[in-house]
Amino acid sequence: MKRFSWFNATALTLGFAFLYIPMIILVVYSFNASKLVTVWAGFSTQWYGELLRNEEFLDAAWVTIKVAVMSSTIATVLGTMAAYVLVRAGRFSGRTLFSGMIYAPLVMPEVITGLSLLLLFIGIGLDRGVLTIVLAHTTFSMCYVSVVVSSRLISFDQSLEEAALDLGCSPFEAFRLVTLPIIAPAVISGWLLAFTLSLDDLVIASFTTGPSATTLPIKIFSAVRLGVSPEINALSTIMIAIVTIGVITASLVTKQAAVRQARDERMAERPA
């Protein structure tokens with residue numbers, strides 16, 4: 001059966017062009033010497049210098065990174081625990097309700113999630129700021145981590161964990177020494193997914209933020225409403241570069257972990 005054709009190649013080319021040509025144009029115009037983002041006036045890196053001197057963007061970037069790291073870490077821990085319970089605990093009372101509550105944010109509109117969290121924070125008298133954004137991002141990103149980790153736990157060979165228990169490990173030691181290293185690529189992927197979702201979120205953050213904490217997406221959205229400036233192009237280019245480096249690094253780490261796991265399994269199968 002012929003799997004590759006000119007139709008597939010054309011569709012693939014048009015799809016990638018639709019996705020990446022706007023990004024390429026944005027990167028090119030971030031080096032534009034003109035203040036007008038649509039008029040090319042020569043190559044210049046002055047807007048990157050202007051961006052580094054813009055205290056508002058730098059403060060918003062720091063808040064965004066801080067929120068993304070904290071929320072993704074908490075979401076990874078809670079999501080991994082939830083996935084382990086769903087896969088390993090079997091049938092228990094309230095399992096359907098528990099799984100439904102975990103997966104509900106996947107299909108819940110972000111406006112509803114943001115509004116409900118806003119009402120919750122107002123009801124308990126919690127001042128909006130970095131803490132409320134972290135709690136909100138943890139709430140909606142935990143379910144994504146749970147889905148990623150549970151898919152790996154389903155295909156996990158449970159006999160390895162049982163062998164560790166037979167050799168004297170406690171359940172926690174078996175999880176820490178056997179299960180966790182094997183599912184580590186899925187846990188890392190879940191953390192990166194939660195980090196990306198937090199880094200990119202605008203709707204939920206706009207409901208749960210306060211005057212003392214403005215995230216970068218909110219700052220960019222507010223600035224774009226007054227017109228796109230070359231500084232925003234420079235900032236977007238830096239974000240694209242960071243995401244690209246992160247994806248490449250994660251791919252290399254995951255590949256090395258898979259190669260190491262395959263090597264360890266081959267060594268374990270060899271006769272003594």
Side-chain angles (χ1 to χ4, degrees), residues 1-48 51 57 61 64-65 68 72 103 105-107 109-111 140-141 143-145 147-152 155 185-205 215-221 223-225 227-259 261-262:
M1 180 179 178
K2 188 177 181 181
R3 297 181 179 274
F4 184 81
S5 63
W6 286 109
F7 176 79
N8 294 336
T10 303
L12 185 64
T13 302
L14 292 176
F16 279 117
F18 180 79
L19 289 174
Y20 292 106
I21 285 181
M23 296 184 186
I24 294 174
I25 294 175
L26 183 146
V27 172
V28 171
Y29 273 90
S30 69
F31 297 99
N32 187 12
S34 174
K35 292 184 178 181
L36 301 176
V37 295
T38 58
V39 178
W40 180 260
F43 181 85
S44 176
T45 59
Q46 63 174 329
W47 302 115
Y48 289 89
L51 177 63
F57 276 119
T64 302
I65 294 175
S72 58
Y103 297 140
L106 288 171
V107 296
E110 291 186 346
V111 175
F140 83 87
S141 60
C143 60
Y144 292 91
V145 178
V147 170
V148 174
V149 176
S150 62
S151 63
R152 180 65 185 91
S155 60
V187 175
I188 295 174
S189 300
W191 187 92
L192 290 173
L193 179 58
F195 182 84
T196 304
L197 291 172
S198 176
L199 202 68
D200 184 59
D201 176 67
L202 172 64
V203 178
I204 295 178
T215 61
L216 198 56
I218 295 176
K219 182 63 181 178
I220 293 175
F221 181 75
V224 168
R225 295 177 65 182
V228 180
S229 66
E231 292 182 20
I232 296 179
N233 289 344
L235 177 61
S236 302
T237 301
I238 293 175
M239 294 178 66
I240 292 173
I242 293 174
V243 171
T244 302
I245 295 173
V247 170
I248 294 175
T249 303
S251 300
L252 293 176
V253 171
T254 303
K255 184 177 180 180
Q256 291 178 357
V259 171
Q261 178 183 347

Report yes if the side chains of Trp191 and Val145 come closer than 4.5 Å at any heavy-atom pair, otherwise no. no
Nearest 0.5 angstrom please: Ile188 CD1 to Leu193 CG, how far? 13.5 Å
Enumerate, atom names and distances included, each donor-acceptor pair closer than 3.5 Å involving a side-chain atom of residues 230-242, sequence neighbours excluded.
residue	atom	partner	partner atom	Å
Glu231	OE1	Asn54	ND2	3.0
Ser236	OG	Ile232	O	2.8
Thr237	OG1	Ser30	OG	3.2
Thr237	OG1	Asn233	O	2.8

Which heavy-atom pair separates Ala205 from Asp201 by the least distance, and what is that distance? N-OD2, 2.8 Å
Starting at CD of Gln46, measure out to CG of Asn32 and round the result to the nearest 0.5 Å. 8.5 Å
Atom of Ala186, atom of Arg152 and distance for their closest heavy-atom approach: CB-CB, 3.6 Å
For residues 9-21, please give each side-chain donor-acceptor pair under 3.5 Å, one per line with the distance, not counting sequence neighbours.
residue	atom	partner	partner atom	Å
Thr10	OG1	Trp6	O	2.7
Thr13	OG1	Ala9	O	2.8

For Gly190 versus Val148, what's the shortest heavy-atom pair and its separation? N-CG1, 4.2 Å
Side chain to side chain contact (heavy atoms under 4.5 Å, CB included) with Ser198: which residues, sequence neighbours excluded? Val67, Ala68, Ser71, His137
What distance do Ile204 atom CD1 and Thr215 atom OG1 have between them, rounded to the nearest 0.5 Å? 11.5 Å
Hey, what do you get for CG (Leu216) to CG (Leu199), rounding to the nearest 0.5 Å? 7.5 Å
